[in-house]
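Here's the structure, in structure tokens; my notes come after.
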Amino acid sequence: MADTKREIERKYEAAAEDELPELTGVGGVEAVTDQGVAVLDAIYYDTADLRLARAALTLRRRTGGDDAGWHLKLPVAADVRDEIRAPLSDTVPPALLGLVRSRVRDAPLVPLVRLRSERDVRHLLDADGALLAEVSLDRVHAERLDGGSGTAAWTEIEVELADDGDPAFLDRVDKALRRAGVRRSSAPSKLARALAETGGGAAPAAPPRKPVTAGDHVLAYVRAQRDAIVELDPAVRRDVFDSVHSLRVATRRLRGTLRSYGAVLDRTVTDPIADELKWLAGELGADRDREVLTERLTTALSELPYHLVVGPVRARLGTWSDARRGGTRGRLTAALDSERCRALLDTLDALVVDPPSREAAARKPSKVLGKAVRKDFGKLSALVGRALDLPPGHDRDVALHEARKKAKRTRYATEAAAPALGRPAEALVKALKSVQTLLGDHQDSVMARSALRELAAEARAAGEDTFTYGVLYGREEQRAAAYEAALPTAWKAAVNQGEELLRSRYA
């Protein structure tokens, strides 16, 4: 079983003969205690082409110290990483292997570098004896294992903030270290430095060139969504808040772009990719829909006066949510682990490297991208008009849901075009987002009412009072009516922005 620790730390250069600078009195440090010297021995794993290193991920098996085991470090922000830990074993633990699956696919993980360190540790304590940070002087010896014989050695200072500590404390320690003549390390991690000094590390990715043609703009958007899918995979597996939603949005953005820009990318090639993205979005959807429904119903229940809550409604809602959660999480993880998903990721990599460009891809972006946006907007307009002409009820609900799906695609097409089309497209994206939000809230209400009917039926079968479910259902009907009443105004704003785009010199 793996557990996670948020690691906030800074690294500094040090000479071999250096000792740790005196830090008593810095930023509330009342005492500095000697924790002794630990001998650490770590072997870092990666693919032969350094896929993890290129993404700033590190996977190691370490012995020695008080946290021996397997460690996977995922970047969060500057100086911040999540360290996922698993017990010692001879092979990479399945839980950690799953978290790097979107990066490594089927490529084997092999020993890359061995780092042996003598770590001289100090604890910085406040006046109450609470830990503020751990400071260590690390004397490191690196040995390349992937077929080379390169070695390197260096000394560095590492300052790691205590759990739940104030990051501002690191700034105060930083100032004290700089006054002592210590400078920040240029390497983001020990592994990065070891790779650079033992025969070549992961070369930094070349910065993308500024989009010029219509194809450049579409591919830039496609590449961004491909990157998001790969990067969000481990967050979804770890059940990070909103990660399922974000990954689902990336798949839909990419799928919509491939559909909308058939004049740029050959759809005989991209349609099968879009079908696979639809499959992945569907696998993500079950979990996301559960998240949305549970949050909506829980919030609605909490807003009811206590005298309107009759029976074990909260308990039944929790049981209902948990039962669906277990099934959807297992299904989602299986989908991410599947050969089908790995094949999709490989196909997306190939798509951005060798796109199936059509003649229009080489043209100036304004006309090509503007035409695609106009086409999608026209279809959306027809769907919204049809829905608004229908009386409230099931048929209108279905029509509004269809309009919602088209609103998303039109928004994504406009997002991809916005860097080329400028302010009119940016304004249209904003207006379409408002329309999409209303239509999304309406669909959530439709789904909530369906869930309430299901919950009421279960409660009735168990001999429970169903009054509260009826109250919640009535409130959802009122919310849906309010969304429908607000739609014409939001849609009119979108039409105005669409007309401005049509009038602009870009389209």
Margin query: Between Asp239 and Arg237, does any NZ, NE, NH1 or NH2 come within less than 4.0 Å of an OD or OE carboxylate oxygen?
Written below: no
Margin query: Strictly distance-based, threshold 3.5 Å: is any side-chain N or O of Gln225 a donor or acceptor partner for the main-chain N or O of Asp227?
Written below: no
Note to self: Test side chain to side chain contact (heavy atoms under 4.5 Å, CB included) on Leu99 and Leu57; report intermediate values, then the result.
What the structure shows: CA-CA 10 Å; Leu99 293 175; Leu57 276 65; over 6 Å; no
Next item on the list: Give a yes or no on whether a salt bridge exists between Asp82 and Arg6, defined as a side-chain N under 4.0 angstrom from a carboxylate O.
Entry: yes
Item checked: Nearest non-hydrogen partners of Ala420 and Leu369, listed with the distance -> CB-CD1, 3.9 Å
Item checked: Lys/Arg-Asp/Glu bridge criterion (N-O < 4.0 Å) met for Glu83, Arg85 -> yes
Check: Does the distance from a Lys or Arg side-chain N to an Asp or Glu carboxylate O, for Glu156 and Arg139, drop under 4.0 Å?
Finding: no
Check: For the side chain of Trp70 and the backbone of Leu59, is there at least one donor-acceptor N/O pair under 3.5 Å apart?
Finding: no
Note to self: Distance check, rounded to the nearest 0.5 Å: Arg259 atom CZ versus Arg252 atom CZ?
What the structure shows: 13.5 Å
Margin query: For a 4.5 angstrom cut-off between non-hydrogen side-chain atoms, does Thr58 reach Leu72?
Written below: no
Next item on the list: Find out whether Gln443 and Leu439 are in side-chain contact, i.e. whether some heavy atom of one side chain is under 4.5 Å from a heavy atom of the other.
Entry: no
Check: Considering the options Leu125, Leu132, Val173, which one meets the side-chain contact (heavy atoms from CB on, under 4.5 Å) requirement together with Val29?
Finding: Leu132
Next item on the list: Could you pull out the closest heavy-atom pair between Phe169 and Val26, with the gap in Å?
Entry: CE1-O, 3.8 Å
Margin query: Nearest 0.5 Å, please: how far is CD1 in Ile157 from CG in Asp138?
Written below: 9.5 Å
Next item on the list: Measure across Ser243 and Ala235 and return the closest heavy-atom pair with its distance rounded to 0.1 Å.
Entry: OG-O, 3.3 Å
Next item on the list: Give the intermediate values and the outcome of side chain to side chain donor-acceptor pair (under 3.5 Å) for residues Arg253 and Tyr412.
Entry: CA-CA 6 Å; Arg253 279 186 165 128; Tyr412 301 152; 5.2 Å; no
Checklist line | Student check: side-chain heavy atoms of Leu112 and Arg144 closer than 4.5 Å | finding: yes
Next item on the list: Determine the minimum heavy-atom distance between Thr270 and Pro356, stating which atoms define it.
Entry: CG2-CG, 4.0 Å
Item checked: Atom NZ of Lys175: over 12 foreign heavy atoms under 6.0 Å -> no
Next item on the list: Taking all heavy atoms of Ala250 and all of Ile229, pick out the closest pair and write down the distance.
Entry: CB-CG1, 3.9 Å
Margin query: Nearest 0.5 angstrom please: Arg331 CZ to Leu284 CG, how far?
Written below: 10.5 Å
Checklist line | Side-chain donor or acceptor of Asp34 paired with backbone N/O of Gly36 under 3.5 Å | finding: yes
Checklist line | Gap between atom NZ of Lys73 and atom CD of Glu7 - 0.5 Å precision | finding: 3.5 Å
Next item on the list: Return yes if some donor-acceptor pair links the side-chain N/O of His245 with the main-chain N/O of Phe241 below 3.5 Å, else return no.
Entry: no
Check: Is the closest side-chain donor-acceptor distance between Gln35 and Thr33 under 3.5 Å?
Finding: yes
Checklist line | Sub-4.5 Å side-chain heavy-atom contact between Ser357 and Val264 | finding: no
Check: Do Leu145 and Val110 pass the side chain to side chain contact (heavy atoms under 4.5 Å, CB included) test, and can you show the C-alpha distance, the side-chain angles, and the key distance before you say yes or no?
Finding: CA-CA 9 Å; Leu145 301 177; Val110 297; over 6 Å; no
Check: For the side chain of Arg51 and the backbone of Val104, is there at least one donor-acceptor N/O pair under 3.5 Å apart?
Finding: yes
Margin query: The test is salt bridge (Lys or Arg N to Asp or Glu O under 4.0 Å); show your working for Asp41 and Arg61 and say whether it passes.
Written below: CA-CA 8 Å; Asp41 191 346; Arg61 182 186 186 276; over 6 Å; no
Next item on the list: Inspect the contact between Glu283 and Arg248 and indicate whether a charged nitrogen and a carboxylate oxygen are less than 4.0 angstrom apart.
Entry: no
Item checked: Ionic contact status for Lys430 with Glu426, cut-off 4.0 Å -> no
Check: Is any NZ, NE, NH1 or NH2 atom of the basic residue among Arg101 and Asp233 found under 4.0 Å from an Asp or Glu carboxylate oxygen of the other?
Finding: no
Notebook entry, point to check: In Å and rounded to the nearest 0.5 Å, what is the CG to CG distance from Asp79 to Leu170?
Noted result: 7.5 Å
Check: So do the side chains of Lys364 and Val368 get within less than 4.5 Å of each other, counting heavy atoms only?
Finding: no
Note to self: I'd like to know if the side chain of Thr198 and the backbone of Ala194 have a donor-acceptor N/O pair within less than 3.5 Å.
What the structure shows: yes
Margin query: Check this for me, if you would: do Asp46 and Arg54 make a salt bridge, where the nitrogen-to-carboxylate-oxygen distance has to be below 4.0 angstrom?
Written below: no
Next item on the list: Report the C-alpha distance between Arg10 and Glu158 in whole Å, list the side-chain angles of each, state the deciding distance to 0.1 Å, and finish with yes or no for side chain to side chain contact (heavy atoms under 4.5 Å, CB included).
Entry: CA-CA 6 Å; Arg10 298 182 186 180; Glu158 185 174 288; over 6 Å; no
Item checked: N-O pairing of Asp275 and Arg255 below 4.0 Å -> no
Item checked: Salt-bridge contact Asp216-Arg209 (side-chain N to carboxylate O under 4.0 Å) -> yes
Notebook entry, point to check: What pair of heavy atoms forms the shortest contact from Cys341 to Ala335, and how long is it?
Noted result: CB-O, 3.2 Å
Check: Is His141 close to Trp154 at the side-chain level, that is, under 4.5 Å between some pair of heavy atoms?
Finding: no
Checklist line | NZ/NE/NH1/NH2 to OD/OE distance under 4.0 Å, Asp174 and Lys11 | finding: no
Next item on the list: Output yes when a side-chain donor or acceptor of Ser136 lies under 3.5 Å from a complementary backbone atom of Val121, and no otherwise.
Entry: no
Check: So how far is it from Leu421 CG to Leu428 CG, rounded to the nearest 0.5 Å?
Finding: 9.5 Å
Check: What do you reckon, is CD of Glu118 surrounded by more than 12 foreign heavy atoms closer than 6.0 Å?
Finding: no
Note to self: Check Lys5 with Asp163, please: is the shortest side-chain N to carboxylate O separation under 4.0 Å?
What the structure shows: yes
Check: Hey, does Arg238 have a side-chain heavy atom less than 4.5 Å from the side chain of Leu74?
Finding: yes
Check: Do Asp120 and Arg122 meet the salt-bridge criterion of a basic N to acidic O distance under 4.0 Å?
Finding: yes
Notebook entry, point to check: Would you say Leu40 and Arg116 make side-chain contact, with heavy atoms under 4.5 Å?
Noted result: no
Next item on the list: For the pair Ile43 and Val113, evaluate side chain to side chain contact (heavy atoms under 4.5 Å, CB included) and give the outcome as yes or no after the intermediate values.
Entry: CA-CA 6 Å; Ile43 296 179; Val113 168; over 6 Å; no
Check: Looking only at atom types and distance, does a side-chain atom of Ser117 sit under 3.5 Å from a main-chain N or O of Arg119, one as donor and one as acceptor?
Finding: no
Check: Do Glu415 and Tyr221 have side-chain atoms, one donor and one acceptor, less than 3.5 Å apart?
Finding: yes
Notebook entry, point to check: With distance as the sole test, does Thr47 use its side chain to make a donor-acceptor pair with the main-chain N or O of Ala107 at under 3.5 Å?
Noted result: no
Next item on the list: Taking atom CD of Glu295 as the centre, report whether more than 12 heavy atoms of other residues, nucleotides or ligands fall under 6.0 Å from it.
Entry: no
Checklist line | Ring-face cation of Arg340 near Trp279 (centre distance under 6.0 Å, axis angle within 45°) | finding: yes
